[in-house]
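Keep in mind that the numbers below use all heavy atoms, side chains included, and drop hydrogens, waters and symmetry copies.
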Amino acid sequence: AAIMNGIAYHKSGLIPYGGTFLVFADYMRGSMRLSALSELGVIYVLTHDSIGVGEDGPTHQPIETIPSLRAMPNMLVFRPGDGNETSGSYKLAIQNRNRPSALCLSRQGMPNQKNSSIEKVALGGYILEDCEGTPELIFIGTGSELNLCVLAAKELTAKGKQIRVVSMPCVELFEEQSSSYKESVLPSNVRKRIVVEAAETFGWHKYIGLDGDSITMNGFGASAPGGVCMDKFGFTVDNVLSKASKLLS
């Protein structure tokens, strides 16, 4: 990370990037902070972004890392939900030469969503699936958990519920949008919202509000296969449906 900063400082036209597990951002946080403070367009490719890492266990499962990086000024933190959003995130990382980007990428395979968009990643958050009229409930998903929101919304829609799914690949970019755009995506009168992200809840309360809920992590992970970890900690369609049903009842 320090070497990449040096390459960026040199202003030779090279765009420095490097990759490691997301959890190891803690080892290079000082240099990442310097990237942000010094307006250096370094690209950090940070893989194995959740408890889906699996058997390596809690030491390698970055529970609090994403919220802590989001707290860093001038750092763009991307957690794309599929291949299209990954392309969009990388495109924006290349374009942003005065602030670093952290691309938080899943170990797990993820299906491409029908309505995902390379271009809309620039908005930070956007409506991925929608209903007619005012939604009764809004799911907000990132990364590998975005598909859980889509699948749960499909089941609830089939039962006659009005559901919206918002993909939020970059909170920082969403915050930079106009008030009218943010209101169009997350209407203030729709107070039933559920955030689904396999990381600490910290930072999401602004969007959850007092009447919403979340499926997030509130402790360290466990040593088990990635799928087992996801099931154990509630990152399943059934649990998303259960949380939604309680809010809608």
Side-chain angles (χ1 to χ4, degrees), residues 18-29 43-70 76-90 93 101-113 116 121 125 128 139-155 165-171 194-204 213-244:
T20 186
F21 279 31
L22 175 58
V23 76
F24 299 137
D26 285 341
Y27 288 116
M28 54 186 185
R29 189 171 297 273
I43 301 174
Y44 296 95
V45 182
L46 303 169
T47 66
H48 298 70
D49 70 345
S50 75
I51 54 173
V53 170
E55 290 90 341
D56 284 341
T59 57
H60 286 55
Q61 294 169 3
I63 303 309
E64 77 289 2
T65 315
I66 292 173
S68 69
L69 289 177
R70 286 179 179 145
L76 292 176
V77 181
F78 296 96
R79 190 166 188 253
D82 70 356
N84 290 329
E85 290 190 354
T86 301
S87 296
S89 299
Y90 189 59
S101 297
L103 274 61
C104 304
L105 306 177
S106 170
R107 179 192 184 190
Q108 308 93 271
M110 296 184 288
N112 264 346
Q113 300 297 334
S116 64
V121 175
L128 184 72
F139 288 121
I140 304 171
T142 79
S144 49
E145 292 74 66
L146 180 61
N147 193 52
L148 299 178
C149 298
V150 171
L151 294 175
K154 187 176 181 180
E155 287 200 35
V165 177
V166 171
S167 177
M168 189 80 76
C170 185
V171 173
I194 298 177
V195 166
V196 188
E197 182 176 69
E200 229 287 334
T201 320
F202 187 83
W204 281 117
D213 206 343
S214 69
I215 300 174
T216 47
M217 294 295 295
N218 56 16
F220 292 108
S223 183
V228 174
C229 283
M230 287 296 193
D231 288 345
K232 172 182 170 64
F233 291 103
F235 295 97
T236 64
V237 176
D238 285 346
N239 193 37
V240 176
L241 289 169
S242 175
K243 292 268 189 181

(message) I need the I43 CD1 to Y90 OH distance, nearest 0.5 Å.
(response) 5.0 Å

(request) Look up atom CG in L69 and atom CG in L76, then write down how far apart they are to the nearest 0.5 Å. (result) 11.5 Å

(message) Any non-hydrogen side-chain atom of M217 less than 4.5 Å from a side-chain atom of I51?
(response) yes

(request) Report the distance from atom CZ of F78 to atom OG1 of T86, rounding to the nearest 0.5 Å. (result) 11.0 Å

(message) To check you understand the geometry: which heavy-atom pair defines the closest contact between A152 and V240, and what is its length?
(response) CB-CG1, 3.5 Å

(message) Donor-acceptor pair, distance only, cut-off 3.5 Å: does the side chain of R79 make one with the backbone of T142?
(response) yes

(message) Check this for me: does any side-chain nitrogen of one of R107 and D49 sit under 4.0 Å from a carboxylate oxygen of the other?
(response) no

(message) Using only atom types and a distance under 3.5 Å, with no angle test, would you say the side chain of E200 pairs donor to acceptor with the backbone of F202?
(response) yes

(message) Quick check: do E145 and S106 have side-chain heavy atoms less than 4.5 Å from each other?
(response) no

(message) Counting C-beta onward and ignoring hydrogens, is there a side-chain heavy-atom pair between V165 and Q113 closer than 4.5 Å?
(response) no

(request) Mark yes or no for whether S87, through its side chain, and G83, through its backbone, hold a donor-acceptor pair below 3.5 Å. (result) yes

(request) Taking the side chain as every heavy atom from C-beta outward, state whether T20 and L46 have any atom pair closer than 4.5 Å. (result) yes

(request) Give the minimum heavy-atom separation between P58 and G221, together with the two atoms involved. (result) CG-O, 3.5 Å

(message) Are the side chains of S50 and Q61 in contact, using a 4.5 Å heavy-atom criterion?
(response) no

(request) Flag the pair H48 / P62 as yes when at least one side-chain heavy-atom distance between them is below 4.5 Å, and no otherwise. (result) no

(message) Rounded at 0.5 Å granularity, tell me how far NZ in K154 sits from SG in C149.
(response) 15.0 Å

(request) Considering non-hydrogen atoms only, spot the tightest contact between G125 and P169 and give its length. (result) CA-CD, 4.3 Å

(request) Of all the heavy-atom pairs spanning N84 and N112, show the shortest one and how long it is. (result) N-OD1, 3.6 Å

(message) Ignoring hydrogens, what is the shortest heavy-atom contact between G219 and I63? Give both atom names and the distance.
(response) O-CG2, 3.5 Å

(message) Do L22 and T47 have side chains that approach each other closer than 4.5 Å (heavy atoms only, starting at C-beta)?
(response) no

(request) Work out which heavy atom in P67 is nearest to a heavy atom in A199; give both atom names and the distance. (result) CD-CB, 4.4 Å

(request) Test side-chain hydrogen bond (donor to acceptor under 3.5 Å, both in side chains) on E85 and S167 and set out the steps. (result) CA-CA 10 Å; E85 290 190 354; S167 177; 2.6 Å; yes

Under 3.5 Å, which donor-acceptor pairs do the side chains of residues 226-239 form with other protein atoms, sequence neighbours left out?
{"unit_1": "T236", "atom_1": "OG1", "unit_2": "N239", "atom_2": "N", "d": "3.1"}
{"unit_1": "N239", "atom_1": "ND2", "unit_2": "G234", "atom_2": "O", "d": "2.8"}

(request) Among V150, D82, I140, find the residue that satisfies the side chain to side chain contact (heavy atoms under 4.5 Å, CB included) test when tested with L128. (result) V150

(message) Using 0.5 Å steps for rounding, measure from the OG atom of S116 to the CG atom of L146.
(response) 8.5 Å

(message) Quick test of your reading of the model: are R70 and E64 salt-bridged, counting only N-O distances below 4.0 Å?
(response) no

(request) Specify whether F24 and Y27 have parallel, tilted or perpendicular ring planes, treating 30° as the upper limit for parallel and 60° as the lower limit for perpendicular. (result) tilted

(message) I'd like to know if the side chain of S214 and the backbone of I194 have a donor-acceptor N/O pair within less than 3.5 Å.
(response) no

(request) Find the distance between CD (Q108) and OG (S144) and round it off to the nearest 0.5 Å. (result) 4.5 Å

(request) Please examine the side chains of C170 and V77, heavy atoms only from C-beta on, and report whether any two atoms are closer than 4.5 Å. (result) no

(message) Parallel, tilted or perpendicular, judged at 30° and 60°: which one describes the rings of F21 and H60?
(response) perpendicular

